[in-house]
Amino acid sequence: MKKISVLGCIAATVLSGNMLRAENHILLSTKNSSLLLTAEKGQAPLFQYFGARVDSPDDIFNSGVALRDPAYPQFGSQCYREVAVQATHADGNMSLELAVESVSRDRRDGAETTAIAMKDKHYPFFVTLFYKTYDDCEVIETWTEISHTEKKPVTLYRFASAYMPVRRSDTWLSHFHGMWGAECYLHEEPLTDGMKVIKNKDGVRNTQRDNPSFMLSLDGCPQELSGRVIGGALAWAGNYRIALDNDNTHTTRVFAGINEEQSQYILKPKEVFTTPVFAFTFSEEGKSGVSRNIHRWARLHRLNHGTELRDVLLNSWEGVYFKVNQEGMDQMMADLADLGGELFVMDDGWFGDKYPRNNGETSLGDWVVCREKLPQGIEGLTASAKKHGVKFGIWIEPEMTNIRSELYEKHPDWVIQQPYREKRMGRGGTQLVLDLSNPDVQEFVFGVVNRLMTEHPDIAYIKWDDNMTLYNYGSTYLPANRQSHLYIDYQRGMEKVLRRIHEKYPDLVMQSCASGGGRVNYGVLPYYDEFWTSDNTDALQRIYMQWGVSNFYPAVAMGSHVSASPNHQTGRHVPLKLRFDVAMSGRLGLELQPAKMTDEEKEFARKAIATYKEIRPVVQQGDLYRLISPFDKTGHAALMYVSPDKGRAVWFGYKLEHFRNMPFPTFRMAGLNPDKRYTVTELNVEGKPIPQSGMTFCGAFLMENGLEFSLGNEYASRVLEIKAID
Ligand code: DGJ
């Protein structure tokens, strides 16, 4: 990294009334936003501004909007404040006094990383703040490195990835809360005095309840298409904490990072502690604007194979559950091929020799085929896939074991456990978590995938599940004085394994699943192509969950499957058309037994899958405009995807409830080219198409006035393709 003096980061005139020297300001800009920091040698660095793009720091200072807040608040003299970093030195001193040493910039591969290096004024204790901007997207990544060369270890008690002060006005928070089967519901509230904390302490499934992401709408009640919004997501798969501290100095102080509770870190001399990345963005185009920025960043820089299209798949789980066998799988593959699908995924129930896996009580860890069920082994399945012209994928849950398994019999010390305590078990009353802080366990978990892939190179896809919380906190591997590292070292171990898999099998497609949507985070997404959004496949409830997920995660990664009616999780009956129309707004798949479909249903499915393949580039790679929120309780929901060149769009509308004479909205579009004319065509038509299907309209008209038509009664839906006329 090129070191430059703190002087000369930016040429700006000396500011009247401002004691800071202009050459110490660091202005980091994307096309539409700017972040201003000040790093003066010997002083604590300052966070001055984050918002709409400015070309000179002068405007920020002269207008009075400069924040002049520490860029990384530390525990020391200002003891009353919430802090980003806190450490106890080897001699027992609990304070820090960090001052800027140098600033450096490093430009490579279309991105620039700025590093502000700080050192404690007395101790050889170092903190470096990193800010990475990309040439091709609106997101800034920030993270921190902490190290020291004191004689003995230093204990870290706080180690945030990022701190960001935000000027407070009528500021609203949007965040994504839920639980199993109802993940990622949108919650919005005005920020009031006091602290609001979004957090997780599960240890493994860190997004089952809250997602490590949030938006702050700065201009009152959050809007989808207008208003200034800041959005941030923490790229970490373990326990996290995002705290928003509102005081009456008109500032919201945002801290984002690993949840440090029970995780104090003993830092050896010269060891570098690197925090996870916090990715943030600003938009003047409302919440959808933030989503588009984050989605673009994800597709280009954070998601495995983010710019590639995904296959239409059939997953066996809701179709057969544990009743896997060669004939059944072969039949499902034949049916999938007949419907036009491209990838078959065999879910749970295929493994276990001594203990065949027939329910959730046995076999995790014994990743050998169950010969009773699959006498021809995986070879039989890949041969079937070849015969039917589809790809083959397989389910594993390699971080886990059951007490009834050969693995546990051999390695009881490999599970997370506490001495003198009875083990609390997970699923089936027998499940335990393997201790991924242990390199032997890492080797084993890597070996599960490595063996499958070496023996069966035709495996194209892996669904990686995790169905348990980290109970029984304790490690037989970590020494007594490092037990508090387990939550962090588990994730680091997991990441090591995933990185090895990624490097060795770069083409392998992987799904991140954790009892449904328990692992929807940017910590793991560099290694996974997609996530399983929720075990709840009820199309109506999915409209809400997928709306929430879409705030930070792009459609290309959002597994969305058509399942049977009545739905297995809610018992609700909804039309096949709604089930397809909802699933087609994400990465379309099927989660049912095709053999149970009627001929009529199969015919509808065949056409819908063919249609999806046509619109897939727009849905999976387009820009999302959320239009009518299901959370606004109008009985309707609508969203659309627009191709980057604005030549094509796909609109989805859903009727959530129906009452006689209820008002229906005029469906206004967004994101189109106002000067272009577009042909509107209804897709997946059932019954009569809308009267406007086949007509042409000008983009400006569609956005300013929109179209009026009825969606139909309860659980009705419509999909429109909007295509520019050349
Ligand atoms: C939980 C997952 O979320 C489901 O999709 C399925 O794979 C089951 N586990 C299998 O046990």
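Both ligands and their constituent atoms are indexed starting at 1 by order of listing.
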*Measure Arg427 to ligand 1 on non-hydrogen atoms and call it side chain, backbone, both or neither using the 4.0 Å cut-off.*
side chain
*Numbered atoms and elements of ligand 1 in range of Ser515, under 4.0 angstrom, heavy atoms*: 3 (O)
_Counting only heavy atoms not in Arg606 (residues, nucleotides, ligands), do more than 12 fall under 6.0 Å from its CZ?_
yes
*Trp395, any N or O under 3.5 Å of ligand 1 N or O*: yes
*Have a look at Gln431 and tell me which of Glu397, Arg404, Glu361 forms a side-chain contact (heavy atoms from CB on, under 4.5 Å) with it.*
Glu397
*Atoms of ligand 1, numbered as shown, that sit under 4.0 Å from any heavy atom of Gly516*: 3 (O)
*Arg616 atom CZ, over 12 foreign heavy atoms within 6.0 Å*: yes
*Using a strict cut-off of less than 4.0 Å between a Lys/Arg side-chain nitrogen and an Asp/Glu carboxylate oxygen, indicate whether Arg299 and Asp529 qualify as a salt bridge.*
no
*Are a donor atom and an acceptor atom from the side chains of Asn211 and Asn521 found within less than 3.5 Å of each other?*
no
*To the nearest 0.1 Å, how far is atom 7 (O) of ligand 1 from its closest protein heavy atom, and which atom is that?*
Asp347 OD1, 2.8 Å
*asked:* Just to be sure I read this right, does ligand 1 sit under 4.0 Å from the backbone of Ala514, its side chain, both, or neither, counting only heavy atoms?
replied: neither
*Cys513: numbered ligand 1 atoms lying under 4.0 Å from its heavy atoms*: 2 (C), 3 (O)
_Heavy-atom pair of closest approach, residues Trp532 and Ser560_ = CZ3-N, 4.1 Å
_Looking at ligand 1, would Lys463 count as a contact under a 4.0 Å heavy-atom criterion?_
yes
*Indicate, as side chain, backbone, both or neither, the part of Asn467 found under 4.0 angstrom from ligand 1 when only non-hydrogen atoms are considered.*
side chain
*Check whether NZ of the Lys or CZ of the Arg Arg500 lies under 6.0 Å from the centre of the six-membered ring of Phe446 and within 45 degrees of that ring's axis.*
yes
*How are the rings of Tyr544 and Tyr185 set to each other: parallel, tilted or perpendicular (split at 30° and 60°)?*
parallel
*Go through ligand 1 atom by atom and flag the ones less than 4.0 Å from a non-hydrogen atom of Asp348.*
10 (C), 11 (O)
*Please state which protein non-hydrogen atom is closest to atom 4 (C) of ligand 1 and give its distance, to 0.1 Å?*
Asp535 OD1, 3.3 Å
*asked:* Tell me the protein heavy atom at minimum distance from atom 9 (N) of ligand 1, and give that distance in Å.
replied: Asp465 OD2, 2.7 Å
